[in-house]
Amino acid sequence: MDDGYRNTNLYQGGREANQVSDDYRYQDGNYEGYAPNDGYYRGGDEPAHEEDAQSDVTEGHDEDDEVYEGEYQGIPHPDDIKEKQKKRAPAVADEYRDRADLMAERMEDEEQLAHQYENIIEECGHGRFQWTLFFVLGLALMADGVEVFVVGFVLPSAEKDMCLSSSNKGMLGLIVYLGMMVGAVLLGGLADKLGRKKCLIISLAINAAFAFLSSFVQGYGFFLFCRLISGLGIGGSLPIVFAYFSEFLSREKRGEHLSWLCMFWMIGGIFASAMAWSIIPHYGWGFSMGTKYHFHSWRVFVLVCSLPCIASLVALKFMPESPRFLLEIGKHDEAWMILKQVHDTNMRAKGEPERVFTVSYIKTPKQVDEFIEIQSSTGTWYQRWLVRITTTFKQVWDNVLYCLTAQYRMNTLMLAVVWFTMALSYYGLIVWFPDMIRYLQEEAYESRVKIFDEEEVSHFTFNFTLENQIHRNGEYRNDKFIGMKFKEVRFEHSLFEECYFEDVTSSETFFENCTIISTVFHNTDLYEHKFINCRLINNTFLEQKEGCQLDFEEDNDFLIYLVSFLGSLSVLPGNIISALLMDKIGRIKMIGGSMLISAVCCFFLFFGNSESAMIGWQCLFCGASIAAWNALDVITVELYPTDKRATAFGILNGLCKFGAILGNSIFASFVGITKVVPILLASSALVGGGLLALRLPETREQVLM
């Protein structure tokens with residue numbers, strides 16, 4: 001009797017779940033009339049159990065139009081009922097089934113989910129929710145743009161504050177890209193296992209914490225470490241931001257609105273340029289604690305540049321997880337609630353609060369991952385965490401390898417080449433432009449040098465600035481150099497006898513093959529390395545200045561800030577054009593056309609023989625290349641399934657940062673030597689990458705898998 005009662009209830013539960021699952025019908029032509037193959041009995045000759053068939057856990061079910069109108073309180077999930085059936089009837093357990101069969105079933109489920117999810121997003125509409133998320137994620141993307149420019153702006157000041165050598169300056173410039181490369185791969189992979197929102201919060205928190213800390217540290221080594229970890233954090237945000245936002249967009253809106261999102265990278269560059277221009281030159285915007293700790297204005301700039309990241313981190317706490325990700329891991333109810341929130345938010349904003357969210361059941365793919373459940377009494381706490389971490393990273397590594405399987409190998413390799421060639425050319429030239437402008441300035445500066453030969457000065461007091469001068473074969477006897485500055489001054493084959501130097505600051509000043517006799521140096525920065533092949537006889541050095549001396553008024557180049565500002569602003573037309581045309585001409589034509597036009601722009605650099613010409617060609621190049629970057633972001637998101645999307649984007653973006661490191665190193669080494677190699681290298685890379693991009697599959701008509 002009990003068995004019969006249980007079987008009757010089971011049958012009723014199956015009918016109830018079938019009734020609920022049929023509330024939603026696929027709109028797509030390929031899936032119209034789709035009925036789940038779940039093994040439920042649906043014969044029409046059974047007696048009707050009208051009373052018992054009503055769900056005890058739902059409300060507001062209108063039997064006339066079958067529309068679900070009440071609050072969601074737990075619709076019976078067909079998979080749950082299926083599990084109950086398996087307990088009561090002998091069946092083959094998943095662990096005894098072939099893994100290939102499980103994966104085939106999951107692939108079928110994912111294809112059905114992709115089309116159903118597209119229809120659900122269309123029903124939710126595009127409105128207030130997506131625009132709110134747009135600005136929250138835009139701040140995160142803005143923080144990434146700021147991070148790229150920060151070190152370049154503070155380097156002229158930091159090199160004097162920390163007494164950096166040329167090799168140390170080069171390492172500081174590259175360390176951020178190294179951190180971004182590691183962060184993109186690591187945190188991008190974790191986002192496919194732990195969730196978009198959670199990993200983006202971790203990424204932004206790491207960046208904000210270490211960027212903030214780097215503004216206070218004094219030593220070069222610790223500052224380098226902080227910028228490395230800061231770069232690791234913000235590098236992980238880029239793949240997550242695009243994967244996260246794309247999963248709230250319908251097919252018709254995806255290309256355009258992902259391109260609009262890219263504008264925040266430009267805004268980050270403009271923000272960094274404007275802040276550097278307005279903060280760094282103000283030497284007084286800081287404080288000192290004794291003689292060892294100095295907080296100069298460039299540190300204030302580093303502090304201000306962490307604000308977009310902090311703002312995005314706070315706002316992200318109020319945004320939900322991606323429902324597409326939740327469905328992939330089997331969390332049906334949480335995903336349903338978030339989609340209903342999206343729908344209701346948009347409908348209220350449109351003035352249609354009465355519109356009902358008609359979806360009651362969403363397909364969830366079969367779960368085939370091997371999860372290890374550890375009891376709290378098993379082992380020690382660190383052993384349990386070690387197992388969890390090891391398992392998670394094994395799954396991330398499996399995702400990385402999956403991107404190189406036969407199904408995705410060719411697309412991954414072609415995308416990798418396009419990303420790499422684009423990064424090598426773009427980031428290489430972005431560094432090369434300011435260096436070339438600085439080189440042209442130095443050439444013009446050196447052409448105005450004043451040369452003094454065989455001058456004899458005695459009993460004279462120098463208390464003014466000497467700049468851009470060469471003194472050869474001079475004799476200085478009983479002279480005083482008090483409270484003065486030397487900038488770009490060289491003394492060659494000169495004699496200093498019984499002279500007195502006090503409170504002297506020097507920049508790029510050297511004494512070569514000079515004889516210095518019975519001279520006193522008090523409170524100066526004329527250190528030993530500034531005397532090259534000199535004879536020092538009976539001299540006295542008292543209270544030498546410590547550290548490197550800053551002189552912002554003289555040493556900071558305002559033109560470099562202007563160049564970066566104009567370079568960032570010049571991408572605005574390209575951003576607008578790419579956003580408006582992305583869904584009309586397609587991703588492939590956008591990438592290929594933009595890269596080929598950028599390659600043509602490179603050839604005009606042969607005619608850049610002045611500062612204004614270099615600035616103009618830089619703006620043209622940046623404006624032409626931005627469309628390719630935007631299309632690359634979009635197609636990378638669309639080519640990979642949800643459970644591999646952030647991983648694939650992270651791998652490709654990490655390769656992009658590796659290209660940036662190579663580009664910076666190679667192009668910078670040719671400054672002042674030749675323009676031919678950088679121009680030919682950049683243009684040939686762009687042509688090769690652009691032609692290869694034309695062989696990629698077009699994705700503008702496909703749903704997100």
Practice problem: Dump the intermediate steps for side chain to side chain donor-acceptor pair (under 3.5 Å) on T412 and R409, then the final yes or no. | Solution: CA-CA 5 Å; T412 300; R409 183 184 300 122; over 6 Å; no

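- Side chain of Y117 to backbone of E247: a donor-acceptor contact under 3.5 angstrom is found.
- Taken from CG in L339 to CG in L327, the straight-line distance is 6.5 Å, to the nearest 0.5 Å.
- Around atom CH2 of W131, more than 12 heavy atoms belonging to other residues, nucleotides or ligands sit under 6.0 Å away.
- Annotation: side chain of F225 is in contact with side chain of F210 (closest heavy-atom distance under 4.5 Å).
- Between M180 and V148, the closest side-chain pair of non-hydrogen atoms falls below 4.5 Å.
- Contact of the I635 side chain with the L415 side chain is registered, since non-hydrogen atoms from C-beta on lie closer than 4.5 Å.
- Counting heavy atoms from C-beta outward, L232 and L228 have side chains that stay 4.5 Å or more apart.
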Quiz item: Taking it one step at a time, do S250 and E118 satisfy side-chain contact (heavy atoms from CB on, under 4.5 Å)?
Solution: CA-CA 6 Å; S250 65; E118 179 66 29; 3.6 Å; yes

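- Residues F212 and C309 are not in side-chain contact: their nearest non-hydrogen atoms beyond the backbone lie 4.5 Å or more apart.
- At distances below 3.5 Å, at least one donor-acceptor pair connects side-chain atoms of K197 with backbone N or O atoms of M319.
- In summary, the aromatic rings of W419 and F658 are positioned with their centroids too far apart to meet the 6.0 Å limit.
- The side-chain contact (heavy atoms from CB on, under 4.5 Å) test applied to V304 returns F271, M275, I279, V300, L307, not counting sequence neighbours.
- For the atom pair OG1 of T642 and CG of L326, the computed distance is 11.0 Å after rounding to the nearest 0.5 Å.
- Counting only heavy atoms from C-beta outward, the side chains of K331 and E321 never approach each other to under 4.5 Å.
- Of the possible polar contacts, one joining the R196 side chain to the A191 backbone as a donor-acceptor pair under 3.5 Å is found.
- Applying the side chain to side chain donor-acceptor pair (under 3.5 Å) test to every pair with at least one member in residues 198-208, sequence neighbours left out, gives these pairs: E147-N207, N207-S230.
- Checked by atom type and distance alone, the side chain of D144 never pairs as donor or acceptor with a backbone atom of W265 at under 3.5 Å.
- With values rounded to the nearest 0.5 angstrom, L178 atom CG is found 14.0 Å from R227 atom CZ.
- In this structure, Y177 and Y427 have perpendicular ring planes: the angle between them is above 60°, well past the 30° mark.
- You'll find the side chain of L313 reaches within 4.5 Å of the side chain of I201, heavy atoms only.
- Counting only heavy atoms from C-beta outward, the side chains of H257 and Q130 never approach each other to under 4.5 Å.
- Side chain of S425 to main chain of M422: no donor-acceptor pair is present (N/O by atom type, distance under 3.5 Å, no hydrogens or angles).
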Practice problem: Evaluate the criterion side chain to side chain donor-acceptor pair (under 3.5 Å) for residue pair Y640 and T647; output intermediate values, then yes/no. | Solution: CA-CA 9 Å; Y640 295 91; T647 301; over 6 Å; no

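- Rounded to the nearest 0.5 Å, atoms CE (M410) and CG (L696) are 11.0 Å apart.
- Proximity of a side-chain donor or acceptor of T345 to a complementary backbone N or O of Q341 within less than 3.5 Å is detected.
- Distance check: N630 CG to L261 CG gives 9.5 Å after rounding to the nearest 0.5 Å.
- Aromatic ring centres of F264 and F134 lie closer together than 6.0 Å.
- Residues satisfying the ring-ring contact (aromatic ring centres under 6.0 Å, His included) criterion with F301, sequence neighbours excluded, are absent altogether.
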Self-check item: Working for side-chain contact (heavy atoms from CB on, under 4.5 Å), residues F242 and L141
Solution: CA-CA 9 Å; F242 284 100; L141 198 58; 4.0 Å; yes

Quiz prompt | Derivation of the side-chain contact (heavy atoms from CB on, under 4.5 Å) call for S237 and L200 | solution = CA-CA 6 Å; S237 68; L200 185 55; 3.7 Å; yes

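- Panel note: side chain R645, backbone T636; no donor-acceptor pair is recorded below 3.5 Å.
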Self-check item: Steps toward side-chain contact (heavy atoms from CB on, under 4.5 Å) verdict (N664, I430)
Solution: CA-CA 8 Å; N664 286 353; I430 287 300; over 6 Å; no

